[in-house]
There are 2 protein chains.
Amino acid sequence: MEEQDIKRAGLKVTQPRLKILDLLGNTRERHLSAEDIYKILLGNGDEIGLATVYRALTQFEAAGLVNRHHFEGGQAVFELASEEHHDHMVCMRTGRVLEFCDEIIEQRQRELAHQHNFRITGHSLILYGEFLDNNDEKA
Amino acid sequence: MEEQDIKRAGLKVTQPRLKILDLLGNTRERHLSAEDIYKILLGNGDEIGLATVYRALTQFEAAGLVNRHHFEGGQAVFELASEEHHDHMVCMRTGRVLEFCDEIIEQRQRELAHQHNFRITGHSLILYGEFLDNNDEKA
DNA sequence: ATTAACATGATAAAGCATCTCATTTCACTC
DNA sequence: GAGTGAAATGAGATGCTTTATCATGTTAAT
């Protein structure tokens, strides 16, 4: 329940915050920019301000509810945080984003970090390119 | 020779462009933001405009002479392009950047992309964290 | 030296994100 | 359920990075 998540984050349960979390959880496109969210909610007839969207997303990120990614192209995108870390393939043609997990890469990253006396606190692996099939509709 | 690189890129050989390439090649810190470059050159007594720095870097990037990276923290950083692709560990405490190459990860990325019918045109792997030793001075 | 195309740099402008602050909403108490 | 203080909202201002504009200055080839 979104309400619980918001409370657990030490935040008041408000309409804007519920709407944002709900949208992130129930949209076909898991990865949305702050402006996407703002426009979709406005389109739904909700009253909301862009500043509120940014604020809420930043708070959700701090609470671990959502992740922020900086794909190429200026705007950051947000997604509901899932159990395990995952990486992304981003189609430069259609914008489609595919998430993937790979334990071999994760393991190798840990090894390399250890070799260099580096303590990893976060990481970002993004493959840019394009999908050769035309499944982009079913993304 | 920097002059040749600039010519090969189809650009005129100008003082600002030479200075920028020279700086990128001869600075201890391989990764500089446009503003870093601008300020260093100003500090050296050179006359240069920030717009010129951005323009030159964008042109060099298009020509494959430099790479642009979007580490966390707003500003993009630029580095002289080297033979082979490499990834980065970024120290969140000191800003130190360590480059590394790992064929196991590269290979695995290719496999995963192939599995998903994805043609890779670029990729970005960044590990954020901190170095546990205090070699930051020798970076 | 001349010249035409290109480059420069100061400043304006665009784009993304955050800050400000007056108003509203939430959640708790009685 | 009304009252109250703290927190949240939203409109607009502001900040910061990057790009566009354009009059002036350089380059490189004749």
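All values below were derived from every heavy atom in this structure, side-chain atoms included, with hydrogens, water molecules and symmetry-related copies excluded. So you know, we letter chains A, B, ... as the sequences are listed, proteins then strands, and number each from 1.
For A/Arg68 and A/Thr58, the side-chain atoms include at least one donor-acceptor pair closer than 3.5 Å. A donor-acceptor pair shorter than 3.5 Å can be found between the side chains of B/Glu79 and B/His86. A/Glu111 and A/Gln107 share a side-chain donor-acceptor pair at under 3.5 Å.
Pairing each heavy atom of B/Leu127 with each of A/Phe118, the nearest pair is O-CZ, 3.7 Å.
Separating the CD atom of A/Glu3 from the C1' atom of C/dC26 is a distance of 12 Å, rounded to the nearest angstrom. C/dT8 atom C1' lies 15 Å from atom CG of B/Leu57, rounded to whole Å. B/Gln59 places its CD atom 7 Å from the P atom of C/dT8, with the value rounded to the nearest Å. Distance, B/Ile6 CD1 to C/dC6 C1': 14 Å, rounded to whole Å. Rounded to a whole Å, the CD atom of B/Glu47 is 13 Å from the P atom of C/dT8. Taking atom CD1 on A/Ile37 and atom C1' on C/dC16, their separation rounds to 14 Å, with Å as the unit. Rounded to whole Å, atom P of D/dT17 lies 19 Å from atom NE2 of B/His69. Taking atom CG on A/Leu50 and atom P on C/dT18, their separation rounds to 10 Å, with Å as the unit.
A salt bridge does not link A/Arg96 with A/Glu130: every distance from a Lys NZ or Arg NE/NH1/NH2 to an Asp or Glu carboxylate oxygen is 4.0 Å or more.
Near DNA chain D, defined here as any heavy-atom distance below 4.0 Å, the residues from residues 13-21 of chain A are A/Thr14, A/Pro16, A/Arg17, listed numerically.
Each of B/Lys12 and B/Arg55 has a nearest nucleotide on DNA chain C; the 5'-most of these lies closest to B/Lys12. Between B/His70 and A/Tyr38, it is A/Tyr38 whose nearest contact on DNA chain D lies nearer the 5' terminus. Residue order along DNA chain D, read from the 5' end via each residue's closest nucleotide, puts A/Val53 first among B/Tyr54 and A/Val53.
For residues 24-63 of chain B, the pairs satisfying ring pair (Phe, Tyr, Trp, His ring centres under 6.0 Å) are B/His31-B/His88, with sequence neighbours left out.
With D/dT18, C/dT8, C/dA7 as the choices, the nucleotide that has an atom nearest any side-chain atom of B/Leu11 turns out to be C/dA7.
Counting any heavy atom pair closer than 4.0 Å across all strands shown, B/Ala34 reaches no nucleic acid atom.
Residues passing the ring-ring contact (aromatic ring centres under 6.0 Å, His included) test with B/His85, sequence neighbours excluded: B/His123.
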